[in-house]
Amino acid sequence: MKADPAITVTGLVKRYDSRAVVDEVSLTVEQGEIFAIVGPNGAGKSTTIETIAGLRTPDAGTVRVFGHDPIGDRTAVRGLLGVQLQESSFQDKLTAREIVDTYAGLYQDPLDSGELLDRLGLGPSAGTRYAKLSGGQQQRVSIAVALVGRPRVVILDELTTGLDPQSRRETWGLVEDLRDDDVTVLLVTHFMEEAERLADHVALIDRGRVVASDTPAGLIGDAGLAQQLRFTTAAALDEDWILRLPEVSAVARDRHEFVVTGDERMLFSVVSLLGAHDIVPDRLQVDQPTLDDAFVAITGRLLDTDHTTLEAAR
């Protein structure tokens, strides 16, 4: 029998000055998965998860965390849900251990602070003041605070914003570890690469609405995006040979360089054709469509296009 969802959001609406920043959003987050909410800055992502966390009261719609209303059943939800918000900040003079110990005191059966800090790679820095920690270490303190109460689901809001590439990869590993420990993760990000790498399921939000929801591969597939194969060869190769392949939709040629567009079977067919003609291509490159490409195809605009909303302005 299938387990009940960890989070259910139905017809969620949140308005500011009569304008809907979150407009009829519906989501279902299954237990044990990483669910990513993705969209440009100001799309309504943070307002949505703040409402799920019980920090904002919806103007319409319902939110349930393991069947509990975050507003009406605040105590029950606090024991189930860990939250790391984008604007989390702590007292600069407190050490990492003191911060985690403070939050551990809010729960009846918290994790051991020392063990949690060790697990997150913060053991050697446990006695370091928050202001002296690196950006990546401060993010890990935020994760520790979100996890110390043994939550069944954790919200991570723009977790890797501002981190260097190395710290971002390390943080991705921590998120995957949470899923391996059967903690449900609701990840909020505007980094498509992050969602494509981590998420089991993705909801694309634009202008306060869910415009598509599926697995990363499903979103890319539904967008009808083709893959491209690039290669160069000085051998005698007629592009009509390639165009006759049923998996190929287009071929562009610039002297010795070929760009072939087609479906997911195109790579094998083209390489087989080249092999049959004893042609060894140079600089062979496959360009797979990405989640970023899917967002553009679905919404008709680039993810980083300026889009000011009341949420972005507050």
With rounding to the nearest 0.5 Å, note down the distance linking CH2 in Trp172 to CD in Glu194.
6.0 Å
Intermediate values then yes/no, side chain to side chain contact (heavy atoms under 4.5 Å, CB included), Glu239 and Phe258:
CA-CA 8 Å; Glu239 55 260 45; Phe258 291 79; 4.2 Å; yes
With the 4.5 Å side-chain cut-off for hydrophobic clustering, are Ile71 and Val77 part of the same group?
no
Quick one, Glu176 with Arg197, criterion salt bridge (charged side-chain N to carboxylate O under 4.0 Å, His left out). Give me CA distance, side-chain angles, the key distance, then yes/no.
CA-CA 10 Å; Glu176 290 171 328; Arg197 155 75 184 269; 3.3 Å; yes
Okay, side chain of Gln137, backbone of Ser134: is any donor-acceptor separation there less than 3.5 Å?
yes
Separation between CG (Leu274) and CG (Leu229), nearest 0.5 Å, reads 8.0 Å
Please check this pair: side chain of Glu257 against backbone of Phe231, looking for a donor-acceptor N/O pair closer than 3.5 Å.
no
Tell me whether Asp182 contacts the main-chain N or O of Gly32 through its side chain, where contact means a donor paired with an acceptor under 3.5 Å.
no
Which atom of Thr189 lies closest to which atom of Ala195, heavy atoms considered
CG2-CB, 4.2 Å
Given the options Leu219, Ile220, Val202, Val38, Glu196 meets side-chain contact (heavy atoms from CB on, under 4.5 Å) only with Ile220
Between Thr171 and Gln139: side-chain donor-acceptor atoms closer than 3.5 Å
no
What I want to find out is whether Arg56 reaches Glu50 closely enough, with some N-O distance under 4.0 Å, to be called a salt bridge.
yes
Say whether, by atom type as modelled, one donor and one acceptor occur between the side chain of Ser26 and the main chain of Gly11 under 3.5 angstrom.
yes
Atom CZ of Arg150 and atom CZ of Arg152: how far apart are they, to the nearest 0.5 Å?
14.0 Å
Counting only N and O atoms by type, is there a donor-acceptor contact under 3.5 Å from the side chain of Ser249 to the main-chain atoms of Thr261?
yes
Would you say Thr8's side chain and Arg64's backbone share a donor-acceptor pair under 3.5 angstrom?
no
Can you give me the closest heavy-atom contact between His277 and Trp241, atom names plus distance?
CD2-CZ3, 3.4 Å
Check the angle between the aromatic planes of Phe90 and Tyr103 and answer parallel, tilted or perpendicular using the 30° and 60° thresholds.
perpendicular
Would the distance check show the side chain of Asp73 and the main-chain N or O of His68 forming a donor-acceptor pair, the cut-off being under 3.5 Å?
no
Atom CG in Leu204, atom CE in Met192: separation rounded to 0.5 Å?
5.0 Å
Between CG of Leu291 and CD1 of Ile298, what distance do you get to the nearest 0.5 Å?
8.0 Å
Any donor-acceptor pair under 3.5 Å linking the side chain of Glu24 with the backbone of Val13?
no
Check for a donor-acceptor pair, side chain of Lys14 on one end and backbone N or O of Thr57 on the other, with a separation under 3.5 Å.
yes
What's the verdict on side chain to side chain contact (heavy atoms under 4.5 Å, CB included) for Asp200 and Glu30, showing C-alpha distance, side-chain angles and the deciding distance?
CA-CA 10 Å; Asp200 302 298; Glu30 302 295 344; over 6 Å; no
Give a yes or no on this: more than 12 heavy atoms of other residues, nucleotides or ligands lie within 6.0 Å of atom CZ of Arg253.
yes
Could you go step by step and tell me if Ile143 and Leu159 meet the side chain to side chain contact (heavy atoms under 4.5 Å, CB included) rule?
CA-CA 9 Å; Ile143 296 175; Leu159 182 64; 3.9 Å; yes
What distance separates Leu267 CG from Leu284 CG, expressed to the nearest 0.5 Å?
7.0 Å
Test your reading of the model: is there a side-chain donor-acceptor pair from Lys45 to the backbone of Pro40, 3.5 Å cut-off?
yes
Taking the inter-plane angle between the rings of His201 and Phe35 on a 0 to 90° scale, is it parallel (under 30°), tilted (30 to 60°) or perpendicular (over 60°)?
parallel
Of the non-hydrogen atoms in Ile52 and Pro70, which two are nearest, and what is the gap between them?
O-CG, 3.2 Å
Identify whether Val286 and Val259 are in the same connected component of the hydrophobic contact network (ILVMFWY, side-chain heavy atoms under 4.5 Å).
no
Should we count CZ of Arg129 as having more than 12 external heavy atoms under 6.0 Å?
no
